[in-house]
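Structure record follows, encoded as structure tokens.
Numbers restart at 1 for each chain; the letters A, B, ... are given by sequence-line order, proteins then strands.
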Amino acid sequence: MALTGVEIFKLLPKTNCKKCGQPTCLAFAMKLAQRQTSLDKCPDVSEEAKEKLGAASAPPIRPITLGTGAKCVKMGEEMVLFRHEKKFVNPCAFAVEIKDTLATADAERKMEEAAASEIDRVGQKLRVDALYLSNDSGDPARFLELARLASTKAPDLPVILGTVNPDAAEGALGTLAGKKAVLYGANAGNISAMAEKAKAAKATLGIAAKNMDELCELTEKAKSLGVEDMVLDSGARSAGEILRDNTYMRRAALKKNFKPLGFPVITFANRADGMLETLVAGLGVEKYASIVVMNEAERWKNLALFSLRQNIYTDPQVPMQVQQKIYKIGEPGPKAPFLITTNFSLTFFIVSGEIENSKVACRLAVMDSEGLSVLTAWAAGKFTAGKIAQFIGESGIEGELEQRELVIPGYVAILSGAIEDKLPGWKITVGPREANGLPAFLKARG
Amino acid sequence: MPFTPPKESFSGKICEIGIGRGDGTVSLGGQSVMPFHSFEGAAPGKPAIAFEVQDVPPDDWPETVKDVFRDVSGDPVTWAAYCQDSLGADAIALRLAGTHPDRGDISAERAAETVSRMLAAIKVPLIILGSNHAEKDTSVLVRAAEAAKQTNSVIGKAQEANYKTIAAAAMANDLKLIAMSELDINLSKQLNILITQMGFDREKLITDPMSSALSYGLEYTYSVMERIRLAALAQNDPTLQTPMLADVGMYVWKVKETQAPEADLPEWGELGRRGVAWEAVTASAFLVSGADLLIMRHPDAAGAVKKFMAEMEVQ
Ligand code: SF4
């Protein structure tokens, strides 16, 4: 929880020596509270004050990086419970589980699949983010073999090692030196040894608790053993338990500043039923997981989950309107079709998406209708013949076109005559009602 | 250290409304906690899934979902009976798509006949939907409401442009009403107020904050639903204490991701499961954000969502 200016002031030397660049200690405290300056500007601050202020300014959920290099994943740092309050910060990582009991060929296939999962989605490169290697065999040698395989087949993918055996952990961590892996599997029986292995390898420790009480005990214990970076599993496995525990963890960290739970959460969505696994993984995306582990990463599933994560982690402040202007889709020549729609961002996404689908280059006039869709804007008098005619007339677009023809949405077919009256020399063509009719419509025009 | 769960309880409560008749009655709402938060308060009603059927064959649905209903979709009543008897539908949503001026312009009288036949054939609750043509819907839904008089069916959607006529018809025939606005908590609130000011009982109202599809605005619907639910519970706003509807299928089954063949876009994977996942992920996201009633198309997607709901009860 952030301290107020007055609370910070109490911890400062109160000499008003101005070395920090502020006229008084109080002024400096106020700037600090607003995060407009940093504590190191005051040379005389006591060690005690440093510690207190440092702890208070630490984010409620600790920032931790999974993996290294271009494919590393940032976790933690979240500040809200609901995405409309403020943008969710660090999109969760999807991890695919590979068991050391699998035949080598199958393990290789899953690793290669994950490594080749990257797709381009609305300008972002998205992929399966990590491998979860699990020591199902209980045999350290087999686990080491699997870790070695991962480091050759998918060398730049971050790795989570799942084992309860400290010896197996040590061996596998040896192949991942400096890679910021997660060592998951610290429980009541092995925590001291696991904490040692994680510290030695500079890995993040994954706590595998049976319930929330035990989880708090284990994180405190790990902390006392000198572990700073942790990810948390409360033992929740059903969708309902995941919702409950992940909600409790996020609330405790944010609203109570409860330090034992101020770490990123790992959620196990693994299900034999791939469709159900997709939905439980989706719950993890929506409700506070930083790592979601799954059995399989099929392409259809990846596409759905990547899209969901993108939607949930979108900035809610971005307005639902797009700018009024004439957009070019593809490289439209002077003969390319010219269409018009409203500036409701959903309408724009759908219409421009369908024009892209058609692979016919077009110009798309997006008219300011105060963010309303076509039908509503028409009903509200924001998308009328007069306004359309004025917008097109003033746009100066006619200079770019070989013939003056405008395609209007089928829902407002009724406007075509009135627009022609108000825009002399223009031909108004009625397009399809729904955007999904556009590809057929545009292709038919040749 | 024993953990003290940071529970939250609210003063507000969602109206509990029953739809349908006799054994087929389904109860929506009634909870005083955020969706599926039965670990911190009462959450009696379970969300229901209505299967969408149309008065005309689903020519505009993509193959992967049209195929499932190939043998039954020639007749809306046969189609609905199949959804009820073979697919375990909690309710039937009859969309009178054929009444749209561009899709056959079927008359209000004929639409009302379809409604009567449907009500005679099915036991589960009926949700009667217009073609989303604000003007035509007024005449169609008035006749449809008469045909459904005192069956405790649901009718909609009343929108800003036509709510007076439709709400009056729902009131006169003792039906539940869906009020839809476009993705804005204030618009939803305002429409609910206007409708209740006509004397319409708020305990018969269902709010549709407007649905969307995964990748095509899902986050807007998701957040508007969360905001509406928080206003209803935490701020105890009576005008928003209605069950919510997510009309999922019609948004999902027109996007490219549910139609493009794998041959064109190999990186998108198998089309069949991709389409089902698109609908199921969209629907379950809206359940998590507050929907009490879903309208869906593909039985596999509905089945997956049912399994997900059952798991959400395990706490
Ligand atoms: S440098 Fe430190 S002691 Fe000096 S005025 Fe600034 S805050 Fe006060």
Side-chain angles (χ1 to χ4, degrees), chain A residues 82-84 119 122 212-213 215-217 220 238-241 243-244 247-248 251-252 255-256 258 260 273-276 278-280 282-283 286-287 298-305 307-308 310-312 314 316 320 344-346 349-350 353-354 357 372-373 375-376 379 410 433-436, chain B residues 1-3 5-8 36-39 60 100 102 132 134 159-161 182-183 212 214-220 222-224 226-227 230 254-257 259-260 266-271 273-274 276-278 280-281 284-285 288-289 300-301 303-305 307-308 311-315:
Chain A
F82 298 103
R83 63 173 294 285
H84 64 262
I119 53 174
V122 210
M212 294 295 288
D213 288 342
L215 180 62
C216 297
E217 276 164 30
E220 289 289 83
S238 77
E241 290 166 348
L243 174 71
R244 180 196 63 201
T247 301
Y248 282 158
R251 273 191 200 154
K255 295 191 157 182
K256 313 273 180 208
F258 185 64
D273 176 341
M275 198 59 72
L276 185 59
T278 308
L279 302 188
V280 177
L283 175 69
E286 291 145 11
K287 292 294 167 188
E298 291 115 319
R299 285 169 301 167
W300 58 269
K301 182 195 283 180
N302 294 348
L303 188 75
L305 287 173
S307 301
L308 180 67
Q310 212 168 28
N311 284 171
I312 295 295
T314 300
M320 288 167 50
F344 180 34
S345 55
L346 286 191
F349 292 154
I350 293 173
E354 292 293 356
N357 286 354
L372 298 175
S373 64
L375 267 180
T376 327
R433 286 181 307 134
E434 296 282 354
N436 64 3
Chain B
M1 183 198 319
F3 173 68
K7 296 191 181 190
E8 284 179 4
F36 301 99
H37 282 220
S38 51
F39 49 86
D60 56 332
H100 195 286
D102 292 354
N132 207 20
Q159 303 183 45
E160 194 192 346
E182 291 191 350
L183 292 174
S212 50
L214 178 59
S215 249
Y216 297 84
L218 173 136
E219 70 272 29
Y220 296 126
Y222 184 92
S223 281
V224 172
E226 280 195 333
R227 292 185 62 194
L230 282 168
K254 65 183 181 195
V255 306
K256 188 179 180 184
E257 285 77 358
Q259 315 198 19
E267 68 274 23
W268 282 10
E270 186 206 332
L271 173 61
R273 286 205 283 176
R274 191 199 318 140
V276 168
W278 224 256
V281 168
S284 55
V288 170
S289 59
D300 292 351
V305 171
K307 282 188 205 159
F308 177 71
E311 257 208 39
M312 288 291 260
E313 305 291 328
V314 183
Q315 288 175 355

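Of all the listed residues (A/L283, A/L305, A/I119, A/N302), the one sharing the greatest number of non-hydrogen pairs under 4.5 Å with chain B is A/L283. Options A/E434, A/E298, A/R433 differ in how many heavy-atom pairs under 4.5 Å they form with chain B, and the most are formed by A/R433. Highest contact tally toward chain A, considering only B/K254, B/E267, B/K307, B/R273, is held by B/R273 [criterion: heavy-atom pairs under 4.5 Å]. The greatest number of non-hydrogen atom pairs below 4.5 Å with chain B, out of A/A435, A/A379, A/S238, is found for A/S238. In terms of heavy-atom pairs under 4.5 angstrom with chain B, the leader among A/E241, A/E286, A/E354, A/K301 is A/E286. When each of B/D300, B/L214, B/V255 is scored by its heavy-atom pairs under 4.5 Å with chain A, the top score falls to B/L214. Taking B/E226, B/E313, B/Q259 one by one and counting their heavy-atom pairs under 4.5 Å with chain A, the maximum is reached by B/E226. In terms of non-hydrogen atom pairs under 4.5 Å with chain A, the most contact-rich of B/A134, B/A260, B/A301, B/P266 is B/P266. Among the candidates A/L372, A/T376, A/L215, the residue making the largest number of heavy-atom pairs closer than 4.5 Å to chain B is A/T376.
Two residues are said to be in side-chain contact when any heavy atoms from C-beta on lie closer than 4.5 Å; B/Q159 and B/N132 meet this criterion. The shortest side-chain heavy-atom distance between B/V288 and B/M312 falls under the 4.5 Å cut-off. For the pair B/H37/B/E8, no side-chain contact is recorded, criterion being any heavy-atom separation below 4.5 Å from C-beta on. Inter-residue side-chain proximity for A/S345 and B/Y220 is flagged as met; some heavy-atom pair is nearer than 4.5 Å.
Residue A/K287 touches chain B through its side chain alone, counting heavy-atom pairs closer than 4.5 Å. In this structure, the portion of B/L230 lying under 4.5 Å from any heavy atom of chain A is its side chain and not its backbone. With a 4.5 angstrom heavy-atom cutoff, A/L346 touches chain B only via side-chain atoms. Using a 4.5 Å cut-off between heavy atoms, B/E182 contacts chain A through its side chain alone, with no backbone atom that close. Using a 4.5 Å cut-off between heavy atoms, B/A277 touches chain A through backbone and side chain atoms alike. Interface remark: A/T247 contributes side-chain atoms only to the contact with chain B (heavy atom separation under 4.5 Å). Heavy atoms closer than 4.5 Å to chain A are found in the side chain of B/E257, but not in its backbone. Of the atoms belonging to B/F36, heavy atoms from both backbone and side chain fall under 4.5 Å from chain A. For a residue to count as touching a neighbouring chain, one of its non-hydrogen atoms must lie under 4.5 Å from one of that chain's; by this rule A/D273 touches chain B with the side chain only. Using a 4.5 Å cut-off between heavy atoms, B/W268 contacts chain A through both its backbone and its side chain. Residue B/V224: no heavy atom, backbone or side chain, is found under 4.5 Å from chain A.
Expressed to the nearest 0.5 Å, how far CD1 of A/I350 lies from CZ of A/F344 amounts to 8.0 Å. Going from atom OH of B/Y222 over to atom CG of B/L183 covers 15.5 Å, rounded to the nearest 0.5 Å.
When atom types are taken as modelled, the side chain of B/S284 and the backbone of A/L279 share no donor-acceptor pair closer than 3.5 angstrom. Proximity of a side-chain donor or acceptor of A/R83 to a complementary backbone N or O of B/E219 within less than 3.5 Å is detected.
Inspection of the B/Q315 and B/S38 side chains reveals an N or O donor paired with an N or O acceptor under 3.5 Å.
Between B/F3 and A/F258, the ring-plane angle classifies as tilted under the 30° and 60° cut-offs.
A 6.0 Å sphere centred on CZ of A/R299 holds more than 12 heavy atoms belonging to other residues, nucleotides or ligands.
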Test side-chain contact (heavy atoms from CB on, under 4.5 Å) on A/W300 and A/T278; report intermediate values, then the result. CA-CA 10 Å; A/W300 58 269; A/T278 308; 3.7 Å; yes
